[in-house]
Amino acid sequence: MGFVRHSGRIDRGYKMPEATRLSELSTSMIRRMFEVVAKAKSEGRDVINLSIGEPDFHTHPLLIEKACKAMHEGFTHYTSNSGLDEFRSLIAERYGLSSSNIMVTAGASEALLNASLSFIEEGSRVVIPTPNFLSYFTYAKLCRAKVEQFYTHSNNFEVDVEKFSDVVSRDVSLVFINYPNNPTGVVMKDLKAIAEITADNNAILISDEIYDSIYYDRKPETLAGMENVVVVNGFSKNLAMTGWRVGYVVADEDLMDSMLKVHQVNGVCASAFAQKAIAELMQDEMDRKITEEMVKEFRKRRDFVYSRIKKMGLKAVKPEGAFYIFPEVPVNCIEFSEKLVNAGVAVTPGLPFGDGNENYVRISYAASTEMLEEAMERMATFVEGLNTE
Ligand code: PMP
């Protein structure tokens, strides 16, 4: 009974036992860009990578020191599912809420999956403004919902409240929003109306506020404490600690009970020493100082990259938060990104961020000023070449 090897996989003569819930998911577009960059690098070409979704700073040494100390003190076990009490109350205090409204998770991603599995009804509609963080589309499809995309391009990437109220109805189970936004860097004003419309339709609003302390102008609003709202947040970005996996949700106790049913078998808890270390930083507001230092640097880079993009003649909304800019490009985003790699710069094509983004690319300015200067130089020459082609 010989198995036949077929493209690296053993072919047992029947179909791959992948569950139907994965049938609409794919990693192909992002993987394709990874492959293009990896190939260029393997050929020894110098490519500046501006496609990274995390700060280029290392975790602050103070936080590392506190985590090591916590490990020596025995914070190496499970914590309660909801998280260390002192950590939860410090987070709750910042929202003016109580600890029972906070659940600590293994990164914001775990929180997003918990909330999706808890509140997305199979077959229901899930509203996602586009462009948006690509994982939302995955969560909705994984839960076998119908994805309803909502264009924000003509409104400077903010949700038009009137149009939004036309899109949301009783067959919507959940809405995802994210401000400051990945990939546009836009900070939306007056988010409350969105929460009210969602609640009026008995749906849940996930407000992903993970970039809430990376802003350059106005302080972003939070929807924490509003009816039917699950706020997702975390420390990956503001403390440059993506590899530590600490996030949290803010919600009322009923919603929390539902999410706990998933969290108890999914993330279980975030690592104990990481929770303890962040809590100690928060106690004397050191976390805020660390973020502010980073933001100071990001602001300079934002100003530089935005002015260079404009000089290239590309249209872009000036980002007010996060560390991304989403310019419109003159050719299809895949073609633009692939050719730009050959010119020595990697960016992310707009399409994975939703429909309507065929002519946009995401540039992450989480890279040193020196790298950004060189990358913008290369990109300017490349764009000029496109215009004269
Ligand atoms: N939400 C958004 C909008 C993000 O950009 C990211 C990370 N790229 C996440 C959530 C996930 O963050 P975490 O590392 O905490 O899982």
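Just so you know, these numbers come straight off a predicted model, no measurement behind them. Each ligand, and each atom within it, is numbered from 1 in the order the structure gives.
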K.L.:
Would you say Y211 has any N or O atom under 3.5 Å from an N or O of ligand 1, going by distance alone?
P.N.:
yes
K.L.:
Counting both backbone and side chain atoms, is some N or O of A108 under 3.5 Å from an N or O of ligand 1?
P.N.:
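Yes - when backbone and side-chain N and O of A108 are compared with those of ligand 1, one distance drops under 3.5 Å.
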K.L.:
Under a 4.0 angstrom heavy-atom cut-off, which atoms of ligand 1 come close to N178?
P.N.:
3 (C)
K.L.:
Check ligand 1 against S236 and write out every atom of the ligand that is under 4.0 Å from a heavy-atom position of the residue.
P.N.:
13 (P), 14 (O), 15 (O)
K.L.:
Between ligand 1 and K237, is the shortest N or O to N or O distance under 3.5 Å?
P.N.:
yes
K.L.:
Do L22 and K141 have side chains that approach each other closer than 4.5 Å (heavy atoms only, starting at C-beta)?
P.N.:
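Not touching, per the 4.5 Å side-chain cut-off.
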K.L.:
Would you say that I102 contacts L97 through its side chain, given a criterion of any heavy-atom pair below 4.5 Å between the two side chains?
P.N.:
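When only atoms from C-beta onward are counted, L97 and I102 do not touch, as no gap falls below 4.5 Å.
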K.L.:
In terms of side-chain heavy atoms, does N342 have a donor or acceptor partner in E338 at a distance below 3.5 Å?
P.N.:
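Judged by distance alone, the side chains do not pair up.
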K.L.:
Walk me through it: do R245 and E110 pass the test salt bridge (charged side-chain N to carboxylate O under 4.0 Å, His left out)?
P.N.:
CA-CA 9 Å; R245 315 306 305 135; E110 198 235 332; over 6 Å; no
K.L.:
Check ligand 1 against R245 and write out every atom of the ligand that is under 4.0 Å from a heavy-atom position of the residue.
P.N.:
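Ligand 1 atoms under the 4.0 Å threshold to R245: 13 (P), 14 (O), 16 (O).
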K.L.:
Within less than 4.0 angstrom of ligand 1, does S109 place any heavy atom?
P.N.:
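Yes, that is the case, since the closest heavy atom of the residue is under 4.0 Å from the ligand.
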K.L.:
Give the residue and atom name of whichever protein heavy atom lies nearest to atom 12 (O) of ligand 1, and the separation in Å to one decimal.
P.N.:
I210 CD1, 3.5 Å
K.L.:
Check the side chains of S124 and S173 for a donor-acceptor pair under 3.5 angstrom, ignoring hydrogens and angles.
P.N.:
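Checked: S173/S124 side chains pair up, N/O donor to acceptor below 3.5 Å.
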K.L.:
Quick one: closest heavy-atom pair of N81 and L260, and the distance?
P.N.:
CB-CD1, 3.7 Å
K.L.:
Tell me the protein heavy atom at minimum distance from atom 1 (N) of ligand 1, and give that distance in Å.
P.N.:
D208 OD2, 2.6 Å
K.L.:
For a quick check under 3.5 Å, do S100 and S98 share a side-chain donor-acceptor pair by atom type?
P.N.:
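Note: S100 and S98 side chains meet the donor-acceptor criterion.
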K.L.:
Measuring from non-hydrogen atoms of F235 to any atom of ligand 1, is the shortest distance under 4.0 Å?
P.N.:
no
